[in-house]
Amino acid sequence: MKKNCYDILNERGFVRQCTAEAEVRELFAKETVTAYIGFDPTARSLHAGSLVPIMGLMHLQREGHRPIALVGGGTGLIGDPSGRTEQRQLLTRETLRENFNGVRSQLGRFLGFDEGRAVAVDNSEWLEPLNYVDFLRDIGRHFSVNRMLSFESYRQRMEKGLSFLEFNYQLCQAYDFLVLYQRTGCRLQMGGDDQWGNIVAGVDLVRRVEGAEVFGLTFPLLTTATGAKMGKTASGAVWLDGDLLSPYDYYQYWVNVDDRDVARFLRMFTFLPLAQIDELSALEGAELRHAKDILAFEATRICHGDEAAQTARDGAKAAFGGDGDLNNMPTTSVSRVRLAAGIRAAELFVETGLCRSNGEAVKAFRSGAGWIGDRQLKDHTDLVTLSDLAGGEFLLRMGKKRRHRIIVDID
RNA sequence: GGCGGGAUACCCGAGAGGCCAAAGGGAGCAGACUGUAAAUCUGCCGGGCGACGCCCUACGGAGGUUCGAAUCCUUCUCCCGCCA
């Protein structure tokens, strides 16, 4: 017998809160469920923080249900105050347009909109034409301000101030649910736990307007074992867009996760069977690195495809383990002439992206983080020359984790 | 509407005219130890620069006083108390 989709989500750690657990299970058991999650087009690309909802939708799709990814072009004009202590910076329509396109096509890589198995919608389609007075009379009358203010998401903002604009965000999101219910029969909204208030508001609205029962489910807000938010590193967000963050670096992000996060991440960010995950998670000490390798490979595969994942893994092996193909690790070529003249080390580190600026290189070298092959750099003016070459190339190392290969152009 | 308190870097939070790019903690980065992990100890920690110095930007916003302002004054915005 087929496993219930709710149970799958639950055992993989996706369920934080659910408006009606038993009913949702029943729903999944008896019909093809249309469910939606909203994504904010606040940037051109999503980052690892959005992976939880994305995986949530993918699970639904794999079980034969129909996911809707709502990219909030309309609500993006307002800005969700949930979990924020400051007002969000308002985005222009043009920016939102660009971001929408980026996010949409990105989600398509995970969900495959072209096959009609999943749908992407933009709520500006129905939010923008709204008539204010009509909206207040039809939708606004169902909302109790007293109740809204009691929500945790608003309470935080009661201290710093909350504009009327933002206060309306919840109405818009609730209205989204109503529209999707009416148009597509969408019965379930999912989202991060910070969305609980907005989701419940939607569930209420559909009941009041349509007398229908719809459901809400939230995912836990993931933090790493050290308490940091998912998807952030020193060099910025862990983008899902390969142009913003290469598959190699994406792979590295997962290889470097904390031991304590491995089991949880395997469950949430791969589709491996739980039995296999249990085996991998049982590994101890250095052996656990094997589990991280699989985590990184699977995660990269889901995001960037099979081929890119293979290449990234191979490049990582070349850079750290030895037996991979050096051509698959990040490589930059410099001309022989330039090298003969001597290149300042800092310059080379900046050029390869190992350091963001000269100043960063100075600090890094001072603390002993910079290496060329086996030579430790002391000063940013240290020169890199032909004598550093070994077989026409050499390796730059920035700390323990970042490596970059330099090859020489013959001409 | 009145009175009082407050806003400091990624976050928390000291500083009350020059010694302030601003104590301390957290986060982050790096070194040592390891396993590309954690914990621990140590260093760095606004940004830029051919760099023991120089140049930008910053103590809520805008002005002012002063040789000199995160610090004093005026005003605006927003928070928090108390009174109406």
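The chains referred to below are lettered A, B, ... by the order of the sequence lines, with proteins before strands, and numbering in each begins at 1.
Taking the six-membered ring for Trp and thresholds of 30 and 60 degrees, A:His304 and A:Tyr250 have ring planes more than 60 degrees apart, a perpendicular arrangement.
As judged by a 4.0 angstrom heavy-atom cut-off over every strand, A:Ala369 is placed among residues touching the sugar-phosphate backbone only. Among the heavy atoms of the strands lying under 4.0 Å from A:Ala316 is at least one base atom, whether or not backbone atoms are also near. Among the atoms of the strands shown, none is found under 4.0 Å from any heavy atom of A:Val262. Nucleic acid contact class of A:Arg344 (heavy atoms, under 4.0 Å, all strands): base.
Rounded to an integer number of Å, the gap from CG of A:Asp293 to P of B:G35 is 17 Å. One atom, CD of A:Glu360, and another, P of B:G46, lie 13 Å apart when rounded to the nearest Å. At whole-Å resolution of the value, CZ in A:Arg366 and P in B:G43 are 15 Å apart. With rounding to whole Å, A:Asn256 atom CG is found 13 Å from B:G28 atom P. A:Arg356 places its CZ atom 11 Å from the P atom of B:A30, with the value rounded to the nearest Å. Note: CG (A:Leu288) to P (B:A38) measures 12 Å, nearest angstrom. Straight-line distance from the NZ atom of A:Lys378 to the P atom of B:C52: 17 Å, rounded to whole Å. Summarising the geometry, the separation between CD1 on A:Ile294 and P on B:G35 is reported as 20 Å, rounded to the nearest angstrom.
Between A:Lys401 and B:A37, a side-chain N or O to OP1/OP2 separation shorter than 4.0 Å is present. Proximity of A:Ser357 to the phosphate of B:G48: a side-chain N or O atom is located under 4.0 Å from OP1 or OP2.
A side chain to side chain contact (heavy atoms under 4.5 Å, CB included) with A:Phe219 holds for exactly one of A:Val52, A:Asp194, A:Asp193; it is A:Val52.
The listed nucleotides are B:G35, B:A38, B:G31; the one nearest the side chain of A:Lys400 is B:G31. When distances run from any side-chain atom of A:Arg402 to the nucleotides B:U36, B:A30, B:G35, the shortest one goes to B:A30. For A:Phe320, the side-chain atoms get nearest to B:U36 when compared with the rest of B:A30, B:A51, B:U36. Distance from the side chain of A:Lys363 is smallest for B:C45 among the nucleotides B:U36, B:A30, B:C45. For A:Arg260, whose side chain is taken as the heavy atoms from C-beta onward, the closest listed nucleotide among B:A38, B:A51, B:U36 is B:A38.
Across all strands shown, B:U34 forms no Watson-Crick or G-U wobble pair with both distances under 3.5 Å. Applying the Watson-Crick and G-U wobble criteria (two distances, each under 3.5 Å), B:A58 pairs with nothing in any strand. Look at B:A22: it lacks any Watson-Crick or wobble partner with both distances under 3.5 angstrom. With both pairing distances under 3.5 Å, B:C82 is matched to B:G2 as a Watson-Crick or G-U wobble pair. When both distances must be under 3.5 Å, the Watson-Crick or G-U wobble mate of B:C29 is B:G43. B:A14 is unpaired under the Watson-Crick or G-U wobble criterion, no partner having all donor-acceptor distances under 3.5 Å. Using the Watson-Crick or G-U wobble rule with both distances under 3.5 Å, B:C52 pairs with nothing in any strand shown.
Counted within 6.0 Å of CZ on A:Arg344, heavy atoms from surrounding residues, nucleotides or ligands total more than 12; the atom is thus considered enclosed.
Comparing B:U34 with B:A39, their C1' atoms sit 11 Å apart, to the nearest whole Å. Separation of the P atoms belonging to B:G18 and B:C83 is 38 Å when rounded to the nearest angstrom.
Along RNA chain B, the nucleotide nearest to A:Ser367 and the one nearest to A:Gln252 differ in position, and the one closer to the 5' end is contacted by A:Ser367. Place A:Leu383 and A:Asp259 on RNA chain B by their nearest nucleotides, and A:Asp259 ends up nearer the 5' end.
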Inset, instruction - For A:Arg62 and A:Ile8, run side chain to side chain contact (heavy atoms under 4.5 Å, CB included): C-alpha distance rounded to whole Å, both residues' side-chain angles, the deciding distance at 0.1 Å, then the answer. - result: CA-CA 11 Å; A:Arg62 286 160 62 95; A:Ile8 293 176; over 6 Å; no
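Between A:Asp204 and A:Arg147, at least one side-chain nitrogen of the basic residue sits less than 4.0 Å from a carboxylate oxygen of the acidic one, meeting the salt-bridge criterion.
For the 3.5 Å distance criterion, the side chains of A:Ser45 and A:Gln106 qualify, holding a donor opposite an acceptor.
In this structure, the side-chain contact (heavy atoms from CB on, under 4.5 Å) partners of A:Trp126, at least two apart in sequence or on a different chain, are A:Leu70, A:Val121, A:Asn123, A:Tyr175, A:Asp176, A:Val179, A:Leu180, A:Arg183.
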